[in-house]
2 protein chains.
Amino acid sequence: MSNFKVLPILDPEAAGAVAPCCPPLTERPLTAEEAEQTARMFKALGDPVRLRLFSLVASHEGGEACVCDISDVGVSQPTVSHHLKKLKEAGLLTSERRGTWVYYRVEPSVLAAMGRLLTSAALN
Amino acid sequence: MSNFKVLPILDPEAAGAVAPCCPPLTERPLTAEEAEQTARMFKALGDPVRLRLFSLVASHEGGEACVCDISDVGVSQPTVSHHLKKLKEAGLLTSERRGTWVYYRVEPSVLAAMGRLLTSAALN
DNA sequence: TGTCTATGTTGACGGTTGTCGATACAGATG
DNA sequence: CATCTGTATCGACAACCGTCAACATAGACA
């Protein structure tokens, strides 16, 4: 009976960083706190290997991929694992174990939010 | 007569990194080279101070601002200068000296390109 | 010319990051 | 149970990065 699990609600990092953050960069100056939050996401995509991993997951069918499908990016397996963890901590990916394999999935709302940050009012 | 100047065409870094780069992250996996290029821009926005500086310039009237208008972000003047240089090298800002002051301006096409990278087809 | 202000550069220091090999853990299968 | 495979963690190391004080440079103005 001690065998039930805590629901995977989302780690606090991801949950906090995602939802309400930030008007377009062109609308008004970001506050220090907003910048801190938002920079975390940009930083996560600021490494070539991580960006490729993210793109591999995002472009995979269903927006989700097994680690085994995407680990051919020229670095060792521990490094891949490390980068996927970083992407997860930044709230850009979520992961789920299904049997032997672990699947990573993009968080579409975050993608959209980051897009909004950059797109709207390309000039003001 | 030795007093003429080379036209400020744009430094090669900025010129090269900007134009044609990259389909939406969700469309297909980025190649290593594409990832290298694109990551440079995300990385530039991946520091809170730089992100604030960028936002300060982008949200300033005309999408341009004097250094003196934006240097109150809690770090020393050399640090501000350093970060502006990084943003420039990443192709996100351009600068121009006008008399005593130096003005930084956002590169709207780059902003739009980055937005496209993230927005289109939030899920595929 | 000299001086003042605005901005950039240099050099150094401490903290962070990307990487790997070794190892640990989880689930499947025998 | 043992073993095999897929993935995560650990520990270490070199490289990189953000920061500052000190100094350098550029233009304005007297």
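So that the names make sense, note that chain A is the first sequence line, chain B the second, and so on, each numbered from 1. The shown structure was predicted, so the numbers you read here are calculated from the model rather than taken from an experiment.
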**Q** Write down the atom of A/Ala65, the atom of A/Ile70, and the distance for their closest heavy-atom approach.
**A** CB-CG2, 3.8 Å

**Q** Starting at CD of B/Glu89 and ending at C1' of D/dC16, how long is that distance when rounded to a whole Å?
**A** 14 Å

**Q** Please figure out whether A/Arg98 or A/Lys86 has its closest DNA chain C nucleotide nearer the 5' end.
**A** A/Lys86

**Q** Compare the minimum distances between each of D/dT9, C/dT19, D/dC17 and the side chain of B/Lys43, then state the nucleotide with the smallest one.
**A** D/dC17

**Q** What distance do A/Phe54 atom CZ and A/Leu45 atom CG have between them, rounded to the nearest 0.5 Å?
**A** 6.0 Å

**Q** Per the atom types in the model, does the base of C/dA6 pair as donor or acceptor with the side chain of B/Gln77 at under 3.5 Å?
**A** no

**Q** Please state how far atom CZ in A/Arg50 lies from atom C1' in C/dT17, giving the value in whole angstrom units.
**A** 8 Å

**Q** With respect to the side chain of A/Asp47, which nucleotide from D/dT7, D/dG27, C/dT19 is positioned closest?
**A** C/dT19

**Q** Of the options D/dT7, C/dA6, C/dA22, whose atoms approach the side-chain atoms of B/Thr100 most closely?
**A** C/dA6

**Q** In whole angstrom, give the distance that lies between atom NE2 of B/His82 and atom C1' of C/dA12.
**A** 14 Å

**Q** Write down the distance between CZ (A/Arg97) and P (D/dT5), rounded to a whole number of angstrom.
**A** 15 Å

**Q** Could you check which of D/dG18, C/dT7, D/dA8 has an atom nearest any side-chain atom of A/Val67?
**A** D/dA8

**Q** For the side chain of B/Val102, starting at C-beta, report the closest nucleotide among C/dT7, C/dA22, D/dC20.
**A** C/dT7

**Q** Counting just side-chain N and O atoms, does A/Thr79 come under 4.0 Å of either OP1 or OP2 of C/dC20?
**A** yes

**Q** When the distance from CG of B/Asp72 to P of C/dT7 is rounded to whole Å, what number comes out?
**A** 13 Å

**Q** How many whole angstroms separate atom OH of B/Tyr103 from atom P of C/dG8?
**A** 13 Å

**Q** I'd like to know if the side chain of B/Arg50 and the backbone of B/Arg52 have a donor-acceptor N/O pair within less than 3.5 Å.
**A** no

**Q** Answer yes or no: does a side-chain N or O of A/Lys85 lie under 4.0 Å from OP1 or OP2 of D/dT9?
**A** yes

**Q** When the distance from CG of B/Leu87 to P of C/dG8 is rounded to whole Å, what number comes out?
**A** 12 Å

**Q** Start at the 5' end of DNA chain C and walk down; is the nucleotide closest to A/Val49 or to B/Cys68 reached first?
**A** B/Cys68

**Q** If you only use heavy atoms from C-beta on, which nucleotide in C/dG18, C/dT7, C/dG8 is closest to the side chain of B/Tyr104?
**A** C/dG8

**Q** Using whole Å, report how far CD of B/Glu96 lies from P of D/dA26.
**A** 17 Å

**Q** Could you tell me whether the side chain of B/Arg28 reaches within less than 4.5 Å of the side chain of B/Pro23, counting heavy atoms only?
**A** yes

**Q** Go through D/dA28, C/dG18, C/dT7 for me and flag the one nearest to the A/His83 side chain.
**A** C/dG18

**Q** Search all heavy atoms of B/Cys68 against all heavy atoms of B/Trp101 and return the closest pair with its distance.
**A** SG-CD1, 3.8 Å

